[in-house]
Amino acid sequence: LREHEEFTKVKNIATIELGRYEIETWYFSPFPPEYNDCSKLFFCEFCLNFMKRKEQLQRHMRKCDLKHPPGDEIYRSGTLSMFEVDGKKNKVYGQNLCYLAKLFLDHKTLYYDVDLFLFYVLCECDDRGCHMVGYFSKEKHSEESYNLACILTLPPYQRKGYGKFLIAFSYELSKKEGKVGTPERPLSDLGMLSYRGYWTRVLLDILKKHKGNISIKELSDMTAIKAEDILSTLQGLELIQYRKGQHVICADPKVLDRHLKAAGRGGLEVDVSKLIWTPYK
Ligand code: ACO
Ligand code: ZN
């Protein structure tokens with residue numbers, strides 16, 4: 001049985017405690033071998049250190065002096081804050097976050113080389129501290145123009161618009177860099193749904209307001225969405241025609257309205273005026 005479990009990577013940790021939530025896990029995550037014998041782990045919600053027993057966590061909470069993720073707060077609007085954590089400066093935090101995230105990410109390989117990544121951790125803040133809602137990671141330098149490596153909304157916070165907020169945030173960073181971006185592949189089913197929803201809404205909003213012709217290149221410059229992702233989204237919406245060897249956008253207002261209605265809620269907005277950030281050098 002052991003060998004079989006090892007081979008198929010059966011989920012080891014069944015539940016975690018994090019802040020005020022007890023969360024059932026989804027997938028295997030390669031915690032260090034000394035955690036193989038436990039089915040529940042207790043996380044410090046601020047430094048993300050994990051422990052085998054509740055009493056250890058309670059002792060830890062008395063001396064842990066973090067009340068938010070390490071790193072720089074680069075965005076604050078109302079009770080929402082975003083922290084940028086450099087994996088090189090906060091290695092242990094980065095690794096802990098990866099262990100935690102892998103519990104909910106299936107086909108992502110875990111990067112131990114957290115040095116190469118920045119982590120953008122979204123928090124809901126109150127008088128007890130800043131509570132992690134989700135995050136995305138981003139390579140410091142991506143040859144493939146990836147602007148996001150992994151994205152996660154913790155299960156208790158899912159389906160409330162935080163995923164779309166994180167995606168929008170990743171594109172706002174790309175705009176500030178003056179680059180187009182795309183998420184690392186493969187995408188999970190939930191990842192694909194969220195991205196499709198985001199791309200659809202952003203593109204439809206522009207097409208709806210725009211008068212006259214607009215090209216995919218222009219849309220890409222405005223949104224920082226990679227041209228391929230724009231093309232596949234608009235093709236999915238049947239807004240593309242192929243004329244004289246060229247893709248042409250055909251945006252009939254009635255068709256746009258129908259798609260916009262179907263596109264669902266817009267999600268939480270990123271207020272760009274609240275973003276204080278310069279690209280990584
Ligand atoms: N069932 C059906 N549709 C869903 C579901 C679901 N369970 N969850 C999200 N969606 C779709 C909906 O269209 C939703 O929009 P709507 O609520 O307006 O209809 C849209 O995705 C996004 O919803 P959000 O609330 O903004 O997203 P959420 O905070 O739930 O986060 C995320 C989405 C990050 C993908 C989350 O589901 C998650 O963490 N999943 C586990 C990890 C994962 O798969 N990450 C992506 C891997 S790919 C990569 O990392 C590059
Ligand atoms: Zn701690």
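All ligand and atom numbering here is 1-based and tracks the order in the structure.
Only the side chain of Leu105 comes within contact range of ligand 1, with a heavy atom under 4.0 Å; no backbone atom does. Under 4.0 Å from ligand 1, not a single heavy atom of Arg185 appears. Neither the backbone nor the side chain of Phe165 has any atom closer than 4.0 Å to an atom of ligand 1 (non-hydrogen atoms only).
The atoms of ligand 1 that sit less than 4.0 Å from any heavy atom of Gly191 are 35 (C), 46 (C). Set against the non-hydrogen atoms of Gly163, the atoms of ligand 1 under 4.0 Å away are 24 (P), 26 (O), 27 (O), 28 (P), 29 (O), 31 (O). Close approach of ligand 1 to Leu187 (heavy-atom distance below 4.0 Å) involves ligand atoms 48 (S), 51 (C). Atom numbering of ligand 1 starts at 1 in the shown order; those under 4.0 Å from a heavy atom of Ala149 are 49 (C), 50 (O), 51 (C). Near Phe104, meaning under 4.0 Å from any of its heavy atoms, are these atoms of ligand 1: 41 (C), 42 (C).
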inquiry  = The test is ring pair (Phe, Tyr, Trp, His ring centres under 6.0 Å); show your working for Phe119 and Tyr93 and say whether it passes.
reply    = CA-CA 10 Å; Phe119 299 91; Tyr93 182 88; 7.5 Å; no

request  = Take Tyr75 and Val270, measure what side-chain contact (heavy atoms from CB on, under 4.5 Å) needs, and give me the verdict at the end.
outcome  = CA-CA 9 Å; Tyr75 179 92; Val270 177; 4.0 Å; yes

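Looking at Lys138 and Glu177, a side-chain N of the basic residue comes within less than 4.0 Å of a carboxylate O on the acidic one, giving a salt bridge.
Evaluated by nearest non-hydrogen atom to atom 12 (C) of ligand 1, the leading choice among Lys102, Arg159, Glu184 is Arg159. For the residues Leu193, Thr153, Leu154, the heavy atom positioned nearest atom 13 (O) of ligand 1 is part of Leu193.
Residue contacts with ligand 1 include Cys150, since one of its heavy atoms falls under 4.0 Å from the ligand. Under a 4.0 angstrom heavy-atom cut-off, Gly134 registers as lying outside contact with ligand 1.
Around atom NZ of Lys40, more than 12 heavy atoms belonging to other residues, nucleotides or ligands sit under 6.0 Å away.
Ring pair His68/Phe46: centre-to-centre distance not below 6.0 Å. Checked against the 6.0 Å centroid threshold, Tyr99 and Phe43 do not count as a close aromatic pair.
The NE2 atom of His60, the Zn ion (ligand 2) and the SG atom of Cys44 define an angle of 100° (nearest 10 degrees). Atoms SG of Cys47 and SG of Cys64, as seen from the Zn ion (ligand 2), are separated by an angle of 120°, to the nearest 10°.
Ring geometry for Tyr171 against Tyr198 counts as parallel: the plane angle stays under 30°, on a 0 to 90° scale with 60° as the upper cut.
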